[in-house]
Each structure stands twice: as structure tokens, then as C-alpha cells.
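Everything below concerns the one structure shown next.
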Number of protein chains: 2
Amino acid sequence: MSNKNRQQALQLVKQLCQQRGLKLTTKRSNILQLMLTEKKGLSTYDIVDSYLAQYHQKISPVSVYRMLGFLIVEKLVHKISSNSQYIVCSHITCSHSHQMPLFLICNNCNQVEEVDAANELPAALEKNIVSTGFQLQNKALELHGICQICKNI
Amino acid sequence: MSNKNRQQALQLVKQLCQQRGLKLTTKRSNILQLMLTEKKGLSTYDIVDSYLAQYHQKISPVSVYRMLGFLIVEKLVHKISSNSQYIVCSHITCSHSHQMPLFLICNNCNQVEEVDAANELPAALEKNIVSTGFQLQNKALELHGICQICKNI
DNA sequence: AATGAAATGTTATAACATTGCATTTTATGC
DNA sequence: GCATAAAATGCAATGTTATAACATTTCATT
Ligand SMILES: [Zn+2]
Ligand SMILES: [Zn+2]
Ligand SMILES: [Zn+2]
Ligand SMILES: [Zn+2]
């Protein structure tokens, strides 16, 4: 994300936190900024390292977990559970709500692209499981493969 | 899985290993049997505990990882990466090959049901990602929710 | 300034996974 | 049968991801 877009995103998040009565503390903000500069998924410990590099300040993994927890609850960040990494929600700059995000995770470069399930996909999925009586809760799909950039290298 | 079906599955796996020139050692077989008795996903360490309880013999986590690795390579076992658990492939008793398995994982009881994507689902998924240039590799979908049994409790 | 709630720090530990090397088991050629 | 090599397993150490328990700091409210 470009510097300008990052500033804009941060501004919007600030507003949003104010609306919700939440505190976007310096460290929470720093972590979010840090994540906004990356299109890649980051592990908790990646963030710890990156935080030190960027802000010349140590932060403990425990704190990072807690701050990620905060950001996830507020739907600003997603956890990619298949590889224990975290990304900023692609909808952070818009009010757009999710229905069924698809995470396209590159096994080569770790980039994660978040797109929305469109057309008949949600219905097709539902149709596939309705006979089992299973009730879907987490509707995000984590898809692993090779991104366009890596494919063309 | 019933005792009879388990014996049958084991018999088939034995044959299959012979065909492929693989050794289904006692411990590998024990682990597979152990997993066949469960519809739940098991973690590596669950298997360590269960192995001790069933066979009165200690086995190290490292060994379990290796044996799971063997079973996964041979497509007899799946890893559910979103919760680090392992299940026997539902197709173990048939020659049926996968195209796109759906793992329906109960967040309450941990049961995993493996069903095959049917009808327009694979095509719908492909249609959703084709414009991104992303090339899907691992086509399994891990879906979290509540199973029928837990829903009705 | 006193108070209390939220955030953050600190330490320990749980849970999941891999590496490297030693030993045992098994298959194979002589 | 026996030597040899390869495969499987054991074992110790370490790495990675995550949470629990408790202490301290920060900050708004009174
Ligand atoms: Zn999102
Ligand atoms: Zn890539
Ligand atoms: Zn399967
Ligand atoms: Zn259940």
C-alpha cells in the first residue's frame, strides 16, 4: 500500500476507533502501520522483529498477540490460520462489510490477496454442505497456491 | 468406523503398500488403526497419549510426526492445518481419488467430516480467482462450524 | 491527588514442529 | 549364513506459535 493510502487508512481507523470508543494507542497504531506496508502475511514474531527494526523499540510477543487480538476483534486484521500469519483486512479503507472473503495465499512469496466471493460461490458451497446438517461459522476460505507474480518468474 | 470396517481398511492399506513397495510397519499400522477409531481430528500429541493408552508403549512425538508424514505422502491421512490436527482420509477404503475435498470441522466436538466438492463448486471457485492470475495448488477447503450432532444438543 | 480500569510488561509454560545424530531393523547381494 | 547398505526408529536439542498468571504503567474520572 502506498504511503498516501496508508496515511488515509490510518486516518479512517482513527475515526472508526473514536466512533466505537476504542483507544488506538501508539503501539497498536505502529503495528497496524507496519502491517499496512506489507502485502505479505506476517507471523507474530515477524512483527516483533519488524517492530524493533522500524521503531527501534523492543516489544514482547505477548503484547503483539494482544494487539493483534484487538485489531482482529475490530475486524481490521485477519488471521490466516493455515499458516499462523496475520494480514490487514483489504476493506480497511472502506465501509464494505465481508460476506465471504477468499484469501489467496502464495506458497512462494507469502503474499496474501483478499478478494470477495462473488456470484454463485457462496450458494454453491452451501449447497454442498446442506445435506450434512453442518452449520458454517467461519466463512473465510484460505486458498493456497502461486500468485501471478511468482508464476511468471 | 466399525471394527469390521477398520479391519477391512487395514487390509486394503496393506495391499496398497505392498503394491507400492512400502513398509506398513507395526507402529505405522498401530497409528493408522488408532486414527481409524476416531472421527475426531487428533493432534500429534493426542496420538502420543492415545498410543500409550492403547498399546501400553511409549512413542515419541518425533516418531509420530514421521509416521504421519509417511501416511500423508501416501494420501492415507490428511492434515487439517487450521487446527494442526490429523484425520484418516475418508477414501481410505476405496480407490476413489480426490478432486476437491471439503473438511467440515466442528468447532465444538472436533469431529471432521470429509466430503467431496460436487456440482458447480469447483468451477465457481475457479471463476472467482481466475481474474487474479492466482494458480490454486492445494484444493482442500477447511470449513469451520458446528456439526449436526452438536447443533441439536 | 486518589481511584479504578485498560493497556502493557514480564515470566513462565503449553502446544506444535523440525533438525541432527545414534541405534535398531530390514532388505539385499555375496 | 553373513556383510553391507538402506530404511525406520530412538533420542536430545531446539525452534516456532500461543496462552496463562501476575506485576506495573498509563490515563481518564472524580
Ligand atoms: Zn477482510
Ligand atoms: Zn508469490
Ligand atoms: Zn481424503
Ligand atoms: Zn460437533
Side-chain angles (χ1 to χ4, degrees), chain A residues 13-14 17-18 20-32 34-35 40-52 55-74 76-87 105 107 110 112 142, chain B residues 13-14 17-32 34-35 40-52 55-74 76-87 105 107 110 112 142 144:
Chain A
V13 170
K14 249 180 221 166
C17 284
Q18 218 153 21
R20 297 185 191 170
L22 303 168
K23 276 186 274 195
L24 187 67
T25 63
T26 305
K27 296 197 171 177
R28 285 171 178 172
S29 170
N30 284 349
I31 284 182
L32 193 56
L34 199 154
M35 294 180 78
K40 296 195 316 183
L42 296 175
S43 75
T44 305
Y45 292 79
D46 289 341
I47 293 171
V48 169
D49 294 344
S50 191
Y51 198 101
L52 181 58
Y55 302 107
H56 310 292
Q57 197 187 348
K58 273 194 198 176
I59 191 165
S60 83
V62 184
S63 296
V64 175
Y65 275 110
R66 280 190 289 226
M67 289 162 196
L68 286 171
F70 169 85
L71 296 169
I72 289 169
V73 166
E74 299 307 323
L76 302 170
V77 161
H78 293 292
K79 174 171 184 177
I80 308 295
S81 49
S82 53
N83 61 8
S84 300
Q85 296 189 339
Y86 303 84
I87 58 160
I105 304 151
N107 288 330
N110 232 8
V112 180
E142 300 186 8
Chain B
V13 170
K14 250 180 220 167
C17 284
Q18 218 153 20
Q19 282 164 26
R20 298 186 190 169
L22 303 168
K23 277 184 274 193
L24 187 67
T25 63
T26 306
K27 295 197 172 176
R28 285 171 178 173
S29 170
N30 284 349
I31 284 181
L32 193 56
L34 198 156
M35 294 180 78
K40 295 196 315 184
L42 296 176
S43 76
T44 305
Y45 291 80
D46 288 341
I47 293 172
V48 169
D49 294 343
S50 191
Y51 198 100
L52 181 58
Y55 302 107
H56 309 293
Q57 198 186 346
K58 274 193 197 174
I59 191 165
S60 84
V62 186
S63 297
V64 174
Y65 275 111
R66 279 191 290 228
M67 291 163 196
L68 286 171
F70 169 85
L71 295 169
I72 289 168
V73 166
E74 299 307 324
L76 302 170
V77 162
H78 294 291
K79 175 170 184 176
I80 307 296
S81 48
S82 53
N83 60 8
S84 300
Q85 295 188 339
Y86 302 84
I87 58 160
I105 303 152
N107 287 330
N110 231 8
V112 180
E142 301 185 9
H144 286 264

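Only this structure's heavy atoms are used, side chains among them; waters, hydrogens and symmetry mates stay out. Convention: sequence-line order gives letters A, B, ...; per-chain numbering from 1.
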Quick one: [X] [atom1] to [N] [atom2], roughly how many Å, whole number?
| X | N | atom1 | atom2 | answer |
| --- | --- | --- | --- | --- |
| B/Gln57 | D/dG10 | CD | C1' | 12 Å |
| A/Leu71 | C/dA7 | CG | P | 12 Å |
| A/Leu68 | C/dA7 | CG | P | 15 Å |
| B/Leu24 | D/dA8 | CG | C1' | 13 Å |
| B/Met67 | D/dA8 | CE | C1' | 7 Å |
| B/Ile59 | D/dT9 | CD1 | P | 8 Å |
| A/Phe70 | C/dA7 | CZ | C1' | 11 Å |
| B/Gln18 | C/dA27 | CD | C1' | 15 Å |

Touch class at under 4.0 angstrom, heavy-atom based, for A/Ser60 against every strand present: base
Ignoring hydrogens and angles, write down the donor-acceptor pairs under 3.5 Å from the side chains of residues 23-32 of chain A, residues two or more places apart or on other chains.
residue : atom : partner : partner atom : Å
A/Thr25 : OG1  : A/Arg28 : N            : 3.3
A/Arg28 : NH1  : A/Lys23 : O            : 2.7
A/Asn30 : ND2  : A/Tyr51 : OH           : 2.9

So, using side chain to side chain contact (heavy atoms under 4.5 Å, CB included) as the criterion, who are the partners of [X] when residues are at least two apart?
| X | answer |
| --- | --- |
| B/Glu74 | B/Arg20, B/Leu22, B/Phe70, B/Leu76 |
| B/Thr44 | B/Val64, B/Tyr65, B/Leu68, B/Tyr86 |
| A/Asn83 | A/Ile80, A/Gln85, A/Ile105, A/Asn110, A/His144 |

C/dT8 phosphate, OP1 or OP2, under 4.0 Å from A/Ser63 side-chain N/O: no
Side-chain heavy atoms of A/Met67 within contact of A/Ile59, under 4.5 Å: yes
Per-nucleotide protein contact string for nucleotides 15-30 of chain D (B base, S sugar-phosphate only, - none; heavy atom under 4.0 Å): --BBBBB---------
Residues that B/Ser63 engages under side-chain hydrogen bond (donor to acceptor under 3.5 Å, both in side chains), provided they are two or more places apart: B/Ser60
